[in-house]
Amino acid sequence: SPKLWYVRVNVIEAQDLVPIDKSRFPEVFVKAMLGNQALRTRISQSKTINPMWNEDLMFVVAEPFEEPLVLSVEDRVGGNKDETLGKCVIPLHMVQRRLDHRPVNSRWLNLEKHVIVDGEKKEIKFASRIHLRICLEGGYHVLDESTHYSSDLRPTAKQLWRPSIGILELGILSAHGLMPMKTKDGRGTTDAYCVAKYGQKWIRTRTIVDNFMPRWNEQYTWEVFDTSTVITVGVFDNGHVHGGAGGARDARIGKVRIRLSTLEADRVYTHSYPLLVLHPSGVKKTGEIQLALRFTCSSLINMLHMYSHPLLPKMHYIHPLSVIQLDVLRHQAMQIVSTRLSRAEPPLRKEVVEYMLDVDSHMWSMRRSKANFFRIMGVLSGLIAVGKWFDQICNWRNPLTTILIHILFIILVLYPELILPTIFLYLFLIGIWNYRWRPRHPPHMDTRLSHADAAHPDELDEEFDTFPTSRPSDIVRMRYDRLRSIAGRVQTVIGDLATQGERFQSLLSWRDPRATTLFVTFCLIAALVLYVTPFQVVALLAGIYILRHPRFRHKLPSTPLNFFRRLPARSDSML
């Protein structure tokens with residue numbers, strides 16, 4: 001994989017610009033181009049011939065630095081018309097490399113302008129100069145894959161790398177039960193090969209021609225610097241073995257992701273993993289791949305110490321990039337990696353690299369949205385279960401359990417120093433109990449978790465749609481209406497959350513003078529009572545009141561809840 005750098009261009013100011021039309025105030029901005037990446041600053045607020053911006057532009061570039069950075073100062077003279085006031089070209093191999101957050105020296109560069117004389121002859125005319133800070137950022141990790149399953153977290157500069165903590169060995173053994181991916185001489189055939197990516201190293205196996213049970217038996221190794229990383233193995237059908245047409249693509253057969261932190265050290269895992277591919281018609285199992293995997297730890301202390309380090313290099317936290325910036329830069333990095341690997345020998349086609357890097361993982365998908373919602377519900381299911389159990393305790397469904405909880409509560413109130421030890425001992429015992437059922441194998445792609453097994457055909461068709469859409473207008477209208485209805489429900493929930501928060505704010509805002517008077521009076525009385533009453537007595541009385549028998553309960557909402565629901569919110573002022 002090419003070595004990627006972030007390029008930071010801090011555009012500070014320009015001086016002595018010479019606008020073509022001197023009768024108007026110039027509306028000046030700076031446009032920067034690096035290869036096929038183009039960014040521009042905002043139009044300067046100081047509409048003079050000495051404009052100021054102090055704005056950062058970020059690019060991605062790969063070694064060797066073949067293309068220069070081109071900066072041009074332009075004047076917006078009309079709706080869609082810009083006049084170039086000057087230009088400069090900066091070779092990147094002359095740019096300072098920064099490894100930490102120390103400031104970079106700024107410099108002035110001359111802007112040059114080409115003037116056409118007598119229709120043909122061109123001469124370079126000094127226009128003005130521009131004030132910049134430019135550096136190659138070596139302290140960041142250039143993200144070229146999704147952060148959820150990144151295979152590398154090291155900074156660009158090799159001087160900042162920590163020592164390796166082990167070796168990862170991967171054996172790509174065989175596949176079986178592969179589906180026919182194309183037709184040749186009237187029969188189905190598959191020419192399968194594998195691609196694996198971990199860190200900066202990509203590997204590609206040889207292609208086994210016309211075989212539904214290929215055997216590769218190839219072994220590869222990687223240095224491991226962090227266990228919180230993922231190795232990706234993909235299987236593809238070679239569409240160019242028999243001199244396929246220029247538009248032939250290497251079809252996806254499936255892929256497997258394995259997180260290294262789920263592997264035990266020095267143990268060989270030899271398993272078959274299902275190969276699953278999502279099509280507009282639904283999810284299909286296209287076969288199975290057998291892999292042998294071993295992570296060998298060279299330093300247990302370094303590996304355990306790694307869990308205390310931040311996930312990304314420190315520059316991501318000292319000078320963080322915005323989410324939008326990271327998304328744009330990740331897309332640019334993917335394009336650079338894809339272009340470089342397509343020129344390798346043997347080449348990795350663009351569709352292969354994009355599938356391995358999950359280029360379209362950020363695109364809207366109803367299926368993914370449902371899956372993520374149910375993942376959240378799965379996370380909250382433990383809290384929901386505890387809430388239901390506590391409700392049963394409060395309602396004396398099992399009197400013996402409720403009495404035991406009363407006794408435990410009284411002991412913890414009388415001896416509060418036992419609270420934290422009890423909690424941590426309980427967590428320790430749960431962890432020891434769950435050790436018996438610990439996972440024995442690395443996880444694989446899960447169709448139920450992904451909601452791929454029950455996805456509606458129209459939702460899958462929407463997921464595979466291009467961006468911008470290429471579907472007929474009536475289908476787009478139907479999907480837009482569906483999205484509006486879902487967004488309406490989300491909007492209602494967000495509005496309800498905002499209402500509850502505004503009610504808390506209105507407790508002391510005097511928006512409802514009677515409610516605030518009652519609350520302030522209650523606070524004063526509570527402060528006096530709690531000052532003269534020992535805290536243990538208050539906690540004991542509150543706990544016994546909450547756990548009281550159903551005979552002393554009624555079904556109407558409590559007084560504090562009634563008071564809270566009557567508080568005003570700003571929803572009354574919404575149009």
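Residues take their numbers from the sequence shown, with the count starting at 1.
- Taking both residues in full, the closest heavy atoms of Ala371 and Leu449 are given as CB-O, 3.4 Å, listed atom of the first, atom of the second, then distance.
- Both the sub-6.0 Å distance and the 45° axial angle are not jointly satisfied by Arg479 relative to the ring of Trp364.
- Of all heavy-atom pairs spanning Lys284 and His279, the tightest one is CD-CD2, 3.6 Å.
- Checked by atom type and distance alone, the side chain of Arg133 pairs as donor or acceptor with a backbone atom of Val104 at under 3.5 Å.
- In summary, Asp458 and Arg482 engage in a salt bridge, as defined by a charged side-chain N under 4.0 Å from a carboxylate O.
- Contact of the Leu329 side chain with the Leu321 side chain is registered, since non-hydrogen atoms from C-beta on lie closer than 4.5 Å.
- Annotation: side chain of Leu168 is not in contact with side chain of Thr221 (no heavy-atom distance under 4.5 Å).
- Between the Arg489 side chain and the Ile486 main chain, no donor and acceptor come within less than 3.5 Å of each other.
- One distance of note links CZ of Phe295 with CG of Leu263; it measures 8.0 Å at 0.5 Å rounding.
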As a quick check of understanding, evaluate salt bridge (charged side-chain N to carboxylate O under 4.0 Å, His left out) for Asp358 and Lys255, giving each step before the final call. CA-CA 11 Å; Asp358 279 298; Lys255 68 180 172 186; 3.0 Å; yes
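- With sequence neighbours excluded, no residue forms a salt bridge (Lys or Arg N to Asp or Glu O under 4.0 Å) with Asp453.
- Using modelled atom types, one side-chain atom of Asp446 and one backbone atom of Arg448 make a donor-acceptor pair closer than 3.5 Å.
- Within 6.0 Å of atom OH in Tyr220, more than 12 heavy atoms from other residues, nucleotides or ligands are found, so the atom counts as buried in its surroundings.
- Residues Val60 and Ile336 have side chains in contact (heavy-atom distance under 4.5 Å, counting atoms from C-beta outward).
- In this structure, the separation between CZ on Arg294 and OG1 on Thr270 is 10.0 Å, given to the nearest 0.5 Å.
- The shortest side-chain heavy-atom distance between Leu293 and Ile258 falls under the 4.5 Å cut-off.
- For Leu429, the CG atom is densely surrounded, since the number of other residues' heavy atoms within 6.0 Å is greater than 12.
- In this structure, a donor-acceptor pair under 3.5 Å is present between the side chains of Lys197 and Ser151.
- A donor-acceptor pair under 3.5 Å is absent between the side-chain atoms of Trp202 and the main chain of Ala196, judged by distance alone.
- Within 6.0 Å of CZ in Arg97 there are more than 12 heavy atoms belonging to other residues, nucleotides or ligands.
- A donor-acceptor contact closer than 3.5 angstrom links the side chains of Thr229 and Tyr198.
- For Ser164 (side chain) and Glu223 (main-chain N/O), no donor-acceptor pair under 3.5 Å exists by modelled atom type.
- Counting heavy-atom neighbours within 6.0 Å of His305 NE2, excluding the residue itself, gives a total of 12 or less.
- The side-chain heavy atoms of Leu540 and Phe535, taken from C-beta on, include no pair separated by under 4.5 Å.
- Here Asp572 does not pair with Arg511 in a salt bridge; the nearest charged N to carboxylate O distance is not below 4.0 Å.
- Taking the six-membered ring where tryptophan is involved, the planes of His271 and Tyr273 are perpendicular, since the angle between them exceeds 60° and thus also 30°.
- Separating the OG1 atom in Thr469 from the CD atom in Glu462 is a distance of 8.5 Å, to the nearest 0.5 Å.
- A donor-acceptor contact shorter than 3.5 Å is absent between the side chain of Glu55 and the backbone of Ile12.
- Residue Tyr149 holds its OH atom at 16.0 Å from CD1 of Ile231, rounded to the nearest 0.5 Å.
- Under a 4.0 Å N-O distance rule, the pair Arg102/Asp100 qualifies as a salt bridge.
- Looking at every heavy atom in both residues, Ala515 comes nearest to Phe563 through O-CZ, 3.4 Å.
- Although no hydrogens or angles enter the test, the distance criterion places a donor-acceptor pair under 3.5 Å between the side chain of Ser381 and the main chain of Gly378.
- Proximity of a side-chain donor or acceptor of Asn372 to a complementary backbone N or O of Arg368 within less than 3.5 Å is detected.
- Of the listed residues (Leu57, Val328, Asp56), just one forms a side-chain contact (heavy atoms from CB on, under 4.5 Å) with Leu39, and that residue is Leu57.
- For the pair Arg477 and Tyr480, the NZ or CZ position fails the cation-pi test of under 6.0 Å to the six-membered ring centre and within 45 degrees of the ring normal.
- In this structure, Ser450 contributes its side chain and Ala452 its backbone to no donor-acceptor pair below 3.5 Å.
- Salt bridge absent: Lys388 and Asp391 never bring a charged side-chain N and a carboxylate O closer than 4.0 Å.
- Minimum heavy-atom separation, His141 to His316: N-NE2, 3.0 Å.
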One pair to check against salt bridge (charged side-chain N to carboxylate O under 4.0 Å, His left out): Asp226 and Arg154. What are the steps and the verdict? CA-CA 9 Å; Asp226 196 323; Arg154 292 170 292 170; over 6 Å; no
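- For the atom pair CD1 (Ile393) and NE2 (His406), the distance works out to 9.5 Å, reported to the nearest 0.5 Å.
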Criterion salt bridge (charged side-chain N to carboxylate O under 4.0 Å, His left out) on Glu459 and Lys370, from CA distance to verdict: CA-CA 11 Å; Glu459 295 174 2; Lys370 287 180 180 178; 3.1 Å; yes
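- Annotation: Ile324, atom CD1; neighbour count of heavy atoms from other residues, nucleotides and ligands within 6.0 Å does not exceed 12.
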side-chain contact (heavy atoms from CB on, under 4.5 Å), that's the test. Do Leu136 and Phe59 meet it? Break it down for me. CA-CA 10 Å; Leu136 290 161; Phe59 297 91; over 6 Å; no
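- The minimum heavy-atom distance linking Tyr269 with Thr262 is given by the pair OH-O, 4.2 Å.
- Side-chain contact of Arg8 with Tyr140: a donor-acceptor pair under 3.5 Å is present, judged by distance alone.
- The two atoms that bring Ala333 and Asp144 nearest to each other are CB-CB, 3.9 Å, heavy atoms only.
- Between the side chains of Ser1 and Gln200, no donor N or O sits under 3.5 Å from an acceptor N or O.
- No side-chain heavy atom of Arg367 sits less than 4.5 Å from a side-chain heavy atom of His456.
- Using a 4.5 Å heavy-atom threshold, the side chains of Ile165 and Met306 count as touching.
- In this structure, Arg566 places its CZ atom where only 12 or fewer heavy-atom neighbours from other residues, nucleotides or ligands lie under 6.0 Å away.
- Taking a 6.0 Å sphere around CH2 of Trp437, one finds it holds more than 12 heavy atoms contributed by other residues, nucleotides or ligands.
- The shortest distance between side-chain heavy atoms of Met445 and Val256 does not fall below 4.5 Å.
- Under a 3.5 Å cut-off, the side chain of Ser506 and the backbone N or O of Pro568 do form a donor-acceptor pair.
- Counting heavy-atom neighbours within 6.0 Å of Arg257 CZ, excluding the residue itself, gives a total above 12.
- Stacking of Arg548 on the aromatic ring of Tyr545 is recorded, both the 6.0 Å distance cut-off and the 45° axial limit being met.
- For Phe504 and Phe564, the ring centers sit closer than 6.0 Å to each other.
- One distance of note links CE of Met303 with OG of Ser261; it measures 10.5 Å at 0.5 Å rounding.
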